[in-house]
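All ligand and atom numbering here is 1-based and tracks the order in the structure. Computed over heavy atoms, backbone and side chain alike; hydrogens, waters and symmetry mates excluded.
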Amino acid sequence: MKKQTTPFNHFIQNSAMLETLTRLGYQNMTPIQEASLPFILEGRDIVAKAKTGSGKTLAFGLPLLLGLHVKQMRIQSVVLCPTRELAEQVSSELRKVATFTHNIKIVTLCGGTRFVPQCISLEHGAHIVVGTPGRILQHLQEKTIDFSHIKTLVLDEADRMLDMGFYEDIEKIINKMPKERQTLLFSATFPKEIEQMCQEVQKEALHVSLEEEEKHAPLAIEQSVLRVDEPEKEKALKALLLSTVPTSVIIFCKTKVGVAKLQAYLYDEGFDALCLHGDLEQIARDENLLLFANGSAQILVATDLASRGLDIKDVEMVINYDLPQTMEIYTHRIGRTGRMGKEGRAISFVTQSEEGFLNELKREGFAFTCKELGTLSPLHVNPKRASFITLCIDGGKKQKVRAGDILGVLTKDIGLDGSLIGKIDILEKYAYVAITREHADKAFDGLCATTIKNRRFKIWKLG
Ligand code: ADP
Ligand code: MG
């Protein structure tokens, strides 16, 4: 029987926070939130382990926000993340909830963006810093941030940070913090190396693990394998995509070169496929992720850069075009689908040389059904195009462009029905709006011919 979930007011009294959570549609705690929140609110160090997509960000985020002294404009909390994408995601989730009170300032500090603007932003002060270890260390060394008043340190996806070789940077960062602090370690996997780290950076940490419960809970992800020979992989993928017609699918490859090659193949075959890997410029990484998340591309071909923590709504299917090397990575990859109790599918291509690893996964308790290449019957001859097209506007937060302004122009001035307008993302200098494919031209022409907030902006059509 499914366990009854508990509302947030069980542990949180702050009524403004409770109202904000309700407004965001968060009524009940997820199991990891329920298991860890009371201890974190008490100020204990914890090590929390729970599967991906289980709501770990708010588990540490709520206590962190509730514990701030907003009037003291100094850095009180730090969240370290392995990748920039993840840091952005944590920041944005925290910002949503931070609206429960006025004037909380959260700064994101990651590599891949210019250093100086970050310094300028820091001059106005901040309460919370979220970022990647390398860049944060750089700021500490340049003395553009001061960690001597840190009350809480969060290591999100801690094992991944170790894998990426951030251990020394993290040590150096921690040395700049007071010893009296709360340290929270979060991850979906917990290899041995982490234990040593916990010993060093935490005090009498409480271990919160939902692993046992999760093992017995039926995973909402249907896993299958498709046996293929290396040379027929591309064709097999095409057949698979034409027969399953997923509206959003992440395809994982082993290498950056593999990702680029497969994306080019799919694109040539007429699929709306984008890619994500570490050699792309940051702006392209952000934009591809955004276009995939707003429905302007159904396919994201990616390296394991995308396997951790990224929370993209409604990913229907994950395809392991190449099997990963470890069980941890496998868990993370398939965790991109079936999030928050939704159903998901994960299909792994298995070549002869990968049989061994497949058997290992089976021994660990993963259960697979088998798909036969010959039985895949295409539902479509040609790929179905993505439902949305994105228009990019060359004005963002800096120009004080708001989602409401764009929505207003599109509905009132251009006469589009609200239901034809998808996600609107406002970034620093650009805004992106998804419009249903059939109406994208009308929206584009309309936006080109009119002004937003009495200003004329350049508009581009993407995808
Ligand atoms: P994890 O870090 O465990 O991988 P996230 O913190 O990214 O998971 O959360 C996954 C998704 O669940 C996010 O979209 C988040 O907004 C949503 N979420 C978090 N807590 C709740 C809740 N209590 N009720 C409903 N949705 C939630
Ligand atoms: Mg997370």
Side-chain angles (χ1 to χ4, degrees), residues 2-12 17-38 40 46-66 79-100 108 130-132 154-161 184-190 208-211 213-214 217 219-221 248 250 289 293-294 305-315 318 328-329 331-342 344 423 425:
K2 200 168 184 298
K3 193 168 157 282
Q4 199 70 33
T5 43
T6 317
F8 279 104
N9 67 13
H10 205 74
F11 297 132
I12 292 173
M17 177 59 94
L18 291 171
E19 273 167 37
T20 305
L21 291 169
T22 309
R23 185 169 49 76
L24 292 168
Y26 304 153
Q27 292 292 359
N28 294 315
M29 290 179 275
T30 64
I32 187 66
Q33 289 164 357
E34 188 178 344
S36 61
L37 262 175
I40 303 180
I46 69 151
V47 177
K49 176 178 170 177
K51 67 178 176 198
T52 52
S54 56
K56 293 193 284 293
T57 316
L58 287 188
F60 64 75
L62 295 179
L64 201 145
L65 291 165
L66 288 167
V79 184
L80 296 179
C81 303
T83 64
R84 175 173 170 197
E85 280 78 5
L86 208 50
E88 297 283 359
Q89 195 176 288
V90 168
S91 290
S92 98
E93 183 91 356
L94 292 183
R95 285 201 180 99
K96 275 196 254 165
V97 185
T99 54
F100 84 103
T108 318
V130 182
T132 47
V154 181
L155 302 166
D156 196 12
E157 307 278 0
D159 56 336
R160 177 69 173 153
M161 290 200 280
L184 309 173
L185 219 130
F186 277 79
S187 185
T189 51
F190 193 70
V208 180
S209 169
L210 293 185
E211 195 183 22
E213 263 173 58
E214 285 175 356
L219 204 58
I221 305 168
S248 93
I250 302 183
L289 203 53
N294 78 10
L305 183 69
S307 71
R308 280 291 178 135
L310 288 186
D311 179 42
I312 302 166
K313 293 258 168 340
D314 301 324
V315 175
V318 166
E328 270 87 15
I329 300 179
T331 309
H332 280 294
R333 283 186 181 182
I334 69 168
R336 299 307 97 210
T337 179
R339 290 173 80 72
M340 295 309 296
K342 286 218 175 90
K423 207 160 169 259
D425 293 284

Within ligand 1, which atoms have a heavy atom of T57 less than 4.0 Å away? 2 (O), 5 (P), 6 (O), 7 (O)

Please report the closest heavy-atom contact between N28 and F8, naming both atoms and the distance. O-CE1, 3.7 Å

Take every heavy atom of N28, measure it against each atom of ligand 1, and state whether any distance is under 4.0 Å. yes

With T57, which residues qualify under side-chain hydrogen bond (donor to acceptor under 3.5 Å, both in side chains), at least two apart? none

Ligand 1 atoms in contact with S54 (distance to a heavy atom under 4.0 Å): 1 (P), 3 (O), 8 (O)

I need the contact type for F8 against ligand 1. Using non-hydrogen atoms and a strict under-4.0 Å cut-off, is it side chain, backbone, both or neither? side chain

Have a look at ligand 1 and work out which part of E93, if any, has a heavy atom under 4.0 Å from it: side chain, backbone, both or neither. side chain

What are the two closest heavy atoms between T337 and G344, and how far apart are they? OG1-CA, 3.1 Å

Please test L18 against F100 for side-chain contact (heavy atoms from CB on, under 4.5 Å), starting from the C-alpha separation and ending with a verdict. CA-CA 8 Å; L18 291 171; F100 84 103; over 6 Å; no

Evaluate K56 for polar contact with ligand 1, using N/O atom pairs at a separation under 3.5 Å. yes

Applying side-chain hydrogen bond (donor to acceptor under 3.5 Å, both in side chains) to R84 and not counting sequence neighbours gives E88, D286

